Number of protein chains: 2
Amino acid sequence: MIQSFLVSANMSDRLAKRTERISPFYVMELLRRAKQLETDDRDVIHMEIGEPDFPTPQLIIDAGIEHIQTGNVKYTAAAGLPELREKIAGFYRQRYGIAVSAERIFVTPGASGAFLLALGISVNPGEQLLLTDPCYPCNSNFIRLFDGEAGLIPVDAATGYQLTAELIKQHWTPATKGAVIASPSNPAGTLIDREVLKQTIAAVNALDGCFYSDEIYHGLVYGGNACSAIEFSDNVFVINSFSKYFGMTGWRIGWLIVPDKFVEAAEKLAQNIFIATSTHSQYAALAAFDQRTLAELELRRAEFEARRNFLYENLLRLGFDIPVKPDGAFYMYANCSGFTDDSYQFAMDFLETEAVAITPGKDFGVNDASHYIRFAYTTSIDRIALAMQRLERFINKG
Amino acid sequence: MIQSFLVSANMSDRLAKRTERISPFYVMELLRRAKQLETDDRDVIHMEIGEPDFPTPQLIIDAGIEHIQTGNVKYTAAAGLPELREKIAGFYRQRYGIAVSAERIFVTPGASGAFLLALGISVNPGEQLLLTDPCYPCNSNFIRLFDGEAGLIPVDAATGYQLTAELIKQHWTPATKGAVIASPSNPAGTLIDREVLKQTIAAVNALDGCFYSDEIYHGLVYGGNACSAIEFSDNVFVINSFSKYFGMTGWRIGWLIVPDKFVEAAEKLAQNIFIATSTHSQYAALAAFDQRTLAELELRRAEFEARRNFLYENLLRLGFDIPVKPDGAFYMYANCSGFTDDSYQFAMDFLETEAVAITPGKDFGVNDASHYIRFAYTTSIDRIALAMQRLERFINKG
Ligand SMILES: Cc1ncc(COP(=O)(O)O)c(C=O)c1O
Ligand SMILES: Cc1ncc(COP(=O)(O)O)c(C=O)c1O
C-alpha cells in the first residue's frame with residue numbers, strides 16, 4: 001500500500017509545473033452532460049459552441065477534394081504553400097488596403113498554431129503578457145505553456161471589454177513583454193475602436209513591447225469592418241484563421257504575420273514544431289478568397305447579424321444585461337446577476353431542465369465571471385427562438 | 001543611421017532566447033538549390049526526403065473525401081474521435097498483443113504534435129532529456145522549445161546508434177528528467193534490441209524519469225518487427241504517427257500514448273494548444289487499419305526492403321562505410337570519410353554537379369557529423385540506380 005502510494009506521488013511529481021496553471025474548459029463538463037441527454041433522446045440546443053453551424057463553402061470543399069484525389073498529400077514547405085501565402089497577402093491588399101509581404105506570412109494549424117508560433121519565438125519564461133479578463137482562455141494558456149505570466153486586466157463595458165493605451169501603461173511592469181488583444185473579442189463580441197487600437201499599439205511600441213492581435217473574428221462584423229493591427233504598425237504579430245469567417249474549423253488552418261525581425265525564427269520554429277500545416281487544408285484554403293466564396297460568406301454574415309439582433313433583443317427582454325451591444329463574432333456575454341450569483345450552476349441547471357447548453361463565465365476568467373454567461377448564436381434563428389422560450393420558462397420557474 | 005541600428009538591436013532583443021538554441025534544417029539550403037536546378041530543367045534525384053514516395057492508400061483517401069463531402073468538417077473532441085482512439089487501441093492488441101486503454105491515446109497533428117504534447121506536460125525549464133547524437137533534430141528542438149536541455153549522447157555502431165541502460169546511468173545528472181529513443185532510428189535506420197529496450201526503460205524508471213519512445217517508423221522494418229516500449233511498461237510515452245508507414249505525411253496526423261497519471265494534463269493541454277487534430281484526417285485515418293490497407297502497406301514494405309538492399313550494396317561497393325546495416329525506416333547513414341571531411345560540402349557539390357540531393361550529417365547532431373550523410377530511399381529502385389551511377393562518376397572525378 002505504502003509502496004504504491006509512493007509511486008503515485010512520484011508520478012505526479014513528474015508533471016510539468018505549467019500544467020497546474022493551465023485550466024481545462026469548464027464547458028466540457030456541460031458538453032459531456034449534453035451528450036448524455038442526447039443519448040436519452042433529449043433535443044439539446046447548442047448555444048455553447050464556438051464554431052459556425054454552416055458547412056464549409058463548396059468551392060473550398062471541392063478544392064480540398066481535388067487535391068486529395070491526386071493522392072499526393074505530402075509535406076509542404078514549413079511556412080506554407082507559396083501560392084497560399086501570396087493569396088493571403090492579396091487579401092490584405094484587397095480588404096484592408098495594406099501591403100504585407102508574403103515572406104512575413106506563415107500558414108499554421110489554426111490560430112492556435114499561430115499563437116504557438118508567435119509566443120514560441122517571443123516569450124521567455126517569467127515574462128508577462130497583458131490581456132483582458134474576460135478573454136479566450138487558450139490565449140492566456142499559451143503564455144503559460146512557455147512558462148510566461150498572463151497579466152489579466154479586468155475590463156468591462158467602460159472600455160468595450162478591450163484594452164486601452166491607459167490600461168497598458170498602468171499595468172506595465174518590468175517583467176511585461178507585451179500585450180494581446182482580440183477584436184472582435186471572445187466572449188464579448190466587441191470591437192476595439194480604430195483610434196484606441198492605434199494608440200494601444202503605439203503605447204506598446206513605445207515600451208518596446210510585442211503586440212499580438214487576434215483577428216480570428218474579422219469578417220464576422222455587423223455594420224462595419226474591423227481594422228487590422230497591421231494597418232498601424234509593421235511591428236505587430238497578427239493572428240488569424242480560416243476557422244470562423246471562412247467556415248473551416250475542422251480543417252485546422254490559420255495564419256500568422258510576424259514583424260520582419262522574427263521571420264527567420266518563425267521559419268525555424270515552424271519547421272521544427274509543425275513540419276507543415278495539413279496539405280489538403282492548404283489547397284482547400286486557396287479557394288477561400290475566390291469571389292464566389294466571399295459572396296457566400298457575405299450572405300452568412302448577414303444571417304449572423306440577424307441572429308445577433310434577435311438574440312440581443314430577447315435576452316434584454318428576459319432581463320439579462322448586455323452592457324455593450326456586440327459588433328461581431330457570434331457571441332453575447334450576458335450578465336445574469338438578476339437570476340443567479342453562480343453562472344456555472346445556472347448553466348448546469350438550465351441544461352438539465354431545459355436542454356440548452358451555454359458557456360459559464362468562468363471559462364473566460366475571474367473578473368465577475370460568476371455573473372456572466374456566453375450565448376453563441378451558432379444555430380438557426382428558429383432554434384434560438386426555441387431556446388429563448390425554454391429560457392423564459394426556466395427563469396420563471398426559478 | 002544610429003537610430004535605425006538601435007531599433008534593430010531592440011527588436012532582436014525581443015526574440016525569445018530559445019530561438020538561438022533551435023537549429024534550422026541545413027538541408028533546406030540544399031532544397032532551395034535543388035528547386036533552382038529543377039527550374040533550369042535539371043533532373044534532380046531526391047534522396048534527401050523523409051517521406052514515402054507512395055501515394056496515400058486509396059481507402060484512406062476515399063474515407064477522407066467521404067467525410068469532406070458531408071461539408072461537416074467541424075472541431076472534434078481534443079483527444080480525437082473516440083472511434084479512432086479505439087481503432088488505435090485495437091492496433092496495439094493486434095500488432096503487439098498489448099492492451100492499451102483508449103483513454104490513454106491522444107490523436108495529434110503528427111508525431112510532431114505528439115512530442116509537443118508529451119513534453120509540454122512533462123518537461124520544466126532547465127530539465128534535461130537524454131537522446132542519441134545523431135538523432136532526428138526536431139526531437140531535441142522540442143526540448144529546447146520548453147527551455148529544457150537536450151543531453152546528446154554520442155552513439156555509434158557499438159550500440160547500433162541506440163541508447164542503452166549503461167549510457168543512461170552514465171549520463172544521468174540531477175537535472176535529468178528522462179530519455180528519448182527512436183527505433184527504427186532516424187538517420188541510422190537501426191532498431192533497438194528487445195532486451196536493451198527493456199533494460200533501458202527499467203533504468204529510466206528506476207531513476208524515476210520519463211521515457212519517451214518515438215515509434216514513427218514502426219511497420220517499416222525489414223526482416224522482423226520492432227517492439228513497442230509499451231510492451232515493457234505502462235509508465236512510458238509512446239509517440240507514433242500515420243505519416244510514414246501509413247503514407248499520410250501531409251495529412252498531419254499521429255498519436256501519443258501517455259501514462260495514466262498524465263491523462264488529465266494531456267487532455268487539458270490538447271484542448272488549449274490544438275483544439276483538435278484535422279477532422280478529415282481523422283476520418284481518413286479510420287481506414288488505415290482496414291485489412292486491405294494493411295495488405296497494401298505490406299507490399300510497400302517489401303518494396304522498401306528491396307530498395308534498402310540495393311542501396312546498401314551499392315554504397316558499400318562505392319566505398320562508403322555503413323557500420324550497421326539498417327533494419328528499418330528508409331534511411332542509410334553512410335560514412336563518407338573516404339571522400340571528404342566535410343559532408344555538407346560534399347552534399348552541396350554532389351547536388352551541383354550531379355543533381356542528386358542528400359542530407360548532410362550536421363542536420364542530425366555534432367557527433368562526427370562531418371563524416372556522414374543520410375541517403376533516403378524514398379524513390380524508386382530505377383532512380384536510386386541512376387543516383388548511384390551519378391555518385392560513382394562524382395567520386396571518380398573528385
Ligand atoms: C478568440 C479566439 N482565438 C483563437 C481561436 C482558435 O481558433 P483556431 O485554432 O480554430 O483558428 C479561437 C477559437 O475559438 C478564438 O475564439
Ligand atoms: C524520427 C521522427 N520522429 C518524428 C517525426 C515527425 O513526423 P510527423 O510529425 O509527420 O508525424 C519524423 C519526421 O520525419 C521523424 O523522422
Side-chain angles (χ1 to χ4, degrees), chain A residues 8 10-12 14-17 19 22-25 28 51 55-56 61 64-65 68-69 71-76 109-110 112 116 120-125 137-138 141-142 145 147 208 210 235 248-252 259 261-262 265 267-269 271-281, chain B residues 8 10-12 14-17 19 22-25 28 51 55-56 61 64-65 68-69 71-76 109-110 112 116 120-125 137-138 141-142 145 147 208 210 235 248-252 259 261-262 265 267-269 271-281:
Chain A
S8 318
N10 283 341
M11 276 301 295
S12 60
R14 306 283 83 191
L15 278 170
K17 290 194 194 69
T19 59
I22 292 181
S23 46
F25 300 164
M28 288 294 158
E51 64 183 330
T56 303
I61 289 184
I65 290 179
I68 294 177
Q69 264 160 350
N72 200 31
V73 189
K74 305 284 189 216
Y75 295 131
T76 69
S112 305
L116 191 67
I121 60 180
S122 62
V123 175
N124 290 305
C138 302
N141 286 331
F142 274 115
L145 181 71
D147 300 292
D208 197 26
C210 295
N235 188 22
M248 294 182 72
T249 45
W251 299 75
R252 311 308 303 120
K261 289 277 171 190
F262 286 85
E267 168 78 38
K268 223 164 48 168
L269 208 67
Q271 289 172 2
N272 276 287
I273 66 180
F274 303 136
I275 300 184
T277 297
S278 303
T279 309
H280 43 348
S281 298
Chain B
S8 318
N10 283 343
M11 277 301 297
S12 59
R14 305 282 84 191
L15 278 170
K17 291 192 193 73
T19 58
I22 291 180
S23 44
F25 300 164
M28 288 294 159
E51 63 183 333
T56 302
I61 289 183
I65 290 179
I68 294 177
Q69 264 159 349
N72 199 32
V73 188
K74 305 284 190 217
Y75 295 132
T76 69
S112 304
L116 191 66
I121 57 178
S122 61
V123 174
N124 291 304
C138 301
N141 286 331
F142 274 115
L145 181 72
D147 299 292
D208 197 25
C210 295
N235 187 23
M248 293 183 72
T249 46
W251 300 75
R252 311 309 301 122
K261 290 275 171 190
F262 286 85
E267 169 78 38
K268 223 164 48 168
L269 208 68
Q271 289 171 2
N272 276 286
I273 66 180
F274 302 135
I275 300 185
T277 297
S278 302
T279 309
H280 44 348
S281 297

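These figures come from a predicted structure and were not determined experimentally. Proteins come first, then strands; the chains are lettered A, B, ... in the order of their sequence lines, and each starts at number 1.
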### Query
Hey, what do you get for OG1 (Thr56(A)) to CD (Gln69(B)), rounding to the nearest 0.5 Å?
12.5 Å

### Heavy-atom contact with chain A under 4.5 Å, split by part of Ile68(B)
both

### Task
Answer with side chain, backbone, both or neither: which region of Asp147(A) has an atom nearer than 4.5 Å to a non-hydrogen atom of chain B?
side chain

### Message
Do Lys261(B) and Arg14(A) make a side-chain contact, defined as non-hydrogen atoms from C-beta onward lying under 4.5 Å apart?
### Response
no

### Task
Could you look at Thr76(B) and say if it's the side chain, the backbone, both or neither that has a heavy atom under 4.5 Å from chain A?
neither

### Message
Taking Ala276(A)'s backbone N and O only, do any of them form a donor-acceptor pair with Arg252(B)'s side chain (distance below 3.5 Å, no angle check)?
### Response
yes

### Gap between atom CG of Leu145(B) and atom CG of Leu145(A) - 0.5 Å precision
7.0 Å

### Query
To the nearest 0.5 Å, what is the distance between CD (Gln271(B)) and OG (Ser23(A))?
9.0 Å

### Message
In the structure I gave you, are the side-chain heavy atoms of Ser278(B) and Ser278(A) within less than 4.5 Å of one another anywhere?
### Response
yes

### Ring geometry between His280(B) and His280(A) (parallel below 30°, tilted from 30 to 60°, perpendicular above 60°)
parallel

### Query
Can you tell which of Gly64(A), Gly110(A), Ala265(A), Gly120(A) has the highest number of heavy-atom pairs within less than 4.5 Å of chain B?
Gly120(A)

#### Entry: Rounded distance (nearest 0.5 Å) linking atom CD1 of Ile65(A) with atom CD1 of Ile61(B)
12.0 Å

### Query
Under a 4.5 Å heavy-atom cutoff, which of Ile273(B), Leu116(B), Thr277(B) has the most pairs with chain A?
Ile273(B)

### Query
Counting distance only, does the side-chain N/O of Glu51(A) pair as donor-acceptor with the main-chain N or O of Lys74(B) below 3.5 Å?
no

### Query
Counting only N and O atoms by type, is there a donor-acceptor contact under 3.5 Å from the side chain of Lys268(A) to the main-chain atoms of Ile22(B)?
yes

## Note on the structure
Interface check, chain B: of Asn72(A), Val123(A), Val73(A), Asn141(A), most non-hydrogen pairs under 4.5 Å belong to Val73(A)

### Query
What distance separates Leu269(A) CG from Thr19(B) OG1, expressed to the nearest 0.5 Å?
8.5 Å

#### Entry: Check: Ile275(B) and Thr249(A) side chains under 4.5 Å, non-hydrogen atoms
no

#### Entry: Heavy-atom contact with chain A under 4.5 Å, split by part of Phe142(B)
side chain

